[in-house]
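A short worksheet on the structure shown next.
Letters A, B, ... mirror the listed sequences (proteins, then strands); counts begin at 1. All values below were derived from every heavy atom in this structure, side-chain atoms included, with hydrogens, water molecules and symmetry-related copies excluded.
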2 protein chains.
Amino acid sequence: MLMKKNEEFVQSVNPKGQKSCDSFHNTIEFIGKRWMGIIIYHLLDGPKRFFELSMEIEGISDRLLTERLRDLEAQGLVIKNQSDPKVRKVEYELTPKGKELEDIIQAICEWVKKNGCCYKE
Amino acid sequence: MLMKKNEEFVQSVNPKGQKSCDSFHNTIEFIGKRWMGIIIYHLLDGPKRFFELSMEIEGISDRLLTERLRDLEAQGLVIKNQSDPKVRKVEYELTPKGKELEDIIQAICEWVKKNGCCYKE
DNA sequence: TTTATAAGATTACTATTAGTAAGCTTGTTT
DNA sequence: AAACAAGCTTACTAATAGTAATCTTATAAA
């Protein structure tokens, strides 16, 4: 829309110049990235190996699974455990911060139970 | 990964041949679409006009805002109210189903309060 | 003891989705 | 009359996702 910001609609900003909803926005954009939700969902069962995730999550490619796991590591939501680097056994596990996502996943599951799920158009 | 599905990891399926996590997956992929979360967040305040949303949500383009509102309508989460089609006043309002998303938004806000937000890499 | 297969990636390329910018229409302001 | 506002749409570019092939090293099978 071609117009200057109407003062009436400017949001409240905190001392760091961040709008109050910015951290919400950043977070949902992150956990809403494609495949992210279902990866977290499966990791809530406990530590999983790369190929386990790849089997359980139908349709995901190795490339995207790798990329999402790196994203999760970078945010401190997942740690990568590779006990012996000589053995190709790599496990991915939620950190305490990552485990706390369970409430969000739970809320979504409950919404679905109550309201039915969403679909691709 | 180049391998046939290991039977050990095949998921439980319901009578409709749907995996138990499919509806969760569809739903989070939908509400996790870019900008979707923050649009819902702002609509939880009450009905909003197109340009109000566009002002409040910094960075969104008209094109994407239109597209996301259409997506939300198609899923029955939002209704478009245009009392008089002669007047260019269009309001978007969450349906009861849409309002129930509040618990999910709430869960995310609480996670952020406790754990800090996620960032783009 | 070659041969094959598996885990966990990376790379190259194509397709889909997002971002940017402009334009359109009809009514209201100046 | 001219400019501007709301709510879209269209055209084009940039970014992200999907597909497929390849790589490395280790173990299993022939």
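- We find that NZ of B/Lys33 is positioned 13 Å from P of C/dG19, with the value rounded to whole Å.
- For the side chain to side chain contact (heavy atoms under 4.5 Å, CB included) criterion with B/Ile60, the lone passing option out of B/Ile38, B/Leu53, B/Leu65 is B/Leu65.
- For the OP1/OP2 pair of D/dC8 and a distance below 4.0 Å, the side-chain nitrogens and oxygens of B/Lys89 include no atom meeting the criterion.
- Counting to the nearest Å, the P atom of D/dA17 and the CD atom of B/Glu29 are 10 Å from each other.
- The shortest distance between the side-chain N/O atoms of B/Arg49 and the OP1/OP2 oxygens of D/dG7 is below 4.0 Å.
- Summarising the geometry of A/Gly76 relative to A/Lys97, their closest heavy-atom pair is O-CB, 4.0 Å, with the distance given to 0.1 Å.
- If you take CG of B/Leu64 and P of D/dT13, they are 18 Å apart, rounded to a whole angstrom.
- A straight line from CG of B/Asp62 to P of D/dA5 spans 13 Å, rounded to a whole angstrom.
- Two residues are said to be in side-chain contact when any heavy atoms from C-beta on lie closer than 4.5 Å; A/Glu93 and A/Lys99 meet this criterion.
- Rounded to a whole Å, the CZ atom of A/Phe51 is 15 Å from the P atom of D/dT27.
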Please enumerate all protein N or O atoms sitting under 3.5 Å from an N or O of nucleotides 11-14 of chain C, with distances to 0.1 Å.
none

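- Two residues are said to be in side-chain contact when any heavy atoms from C-beta on lie closer than 4.5 Å; B/Phe50 and B/Leu69 meet this criterion.
- Put simply, A/Arg68 has a side-chain N or O that comes within less than 4.0 Å of OP1 or OP2 on D/dA17.
- Residues satisfying the salt bridge (Lys or Arg N to Asp or Glu O under 4.0 Å) test with A/Glu100, not counting sequence neighbours, are B/Lys114.
- Dashed line: the shortest gap from a side-chain N or O of B/Arg70 to OP1 or OP2 of D/dC8 is under 4.0 Å.
- Note: CD (B/Glu91) to P (D/dA6) measures 14 Å, nearest angstrom.
- Out of D/dG7, C/dT17, C/dG19, the shortest distance to the side chain of B/Arg34 is found at C/dG19.
- By the 4.5 Å heavy-atom criterion applied to side chains, A/Ser61 and A/Trp35 are not counted as neighbours.
- Residues B/Trp35 and A/Tyr92 each lie close to DNA chain C; by heavy-atom proximity, the contact nearer the 5' end of the strand is made by A/Tyr92.
- The closest side-chain heavy-atom distance from A/Tyr92 to A/Leu43 is below 4.5 Å.
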Please tabulate, one pair per line, each protein N/O and nucleotide N/O from nucleotides 23-25 of chain D that are separated by under 3.5 Å, including the distance.
| from | atom 1 | to | atom 2 | distance (Å) |
| --- | --- | --- | --- | --- |
| D/dT25 | O2 | A/Arg88 | NE | 3.4 |
| D/dT25 | O2 | A/Arg88 | NH1 | 3.1 |
| D/dT25 | O2 | A/Arg88 | NH2 | 3.1 |

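- Taking the charged nitrogens against the carboxylate oxygens, A/Arg70 and A/Glu73 do have a contact shorter than 4.0 Å, which makes a salt bridge.
- For A/Glu67 and C/dT10, the CD to P distance is 10 Å, given to the nearest whole Å.
- With contacts defined as side-chain heavy-atom distances shorter than 4.5 Å, the pair B/Phe30/A/Cys117 does not qualify.
- Distance A/Ile39 CD1 to D/dA17 P: 11 Å, rounded to the nearest Å.
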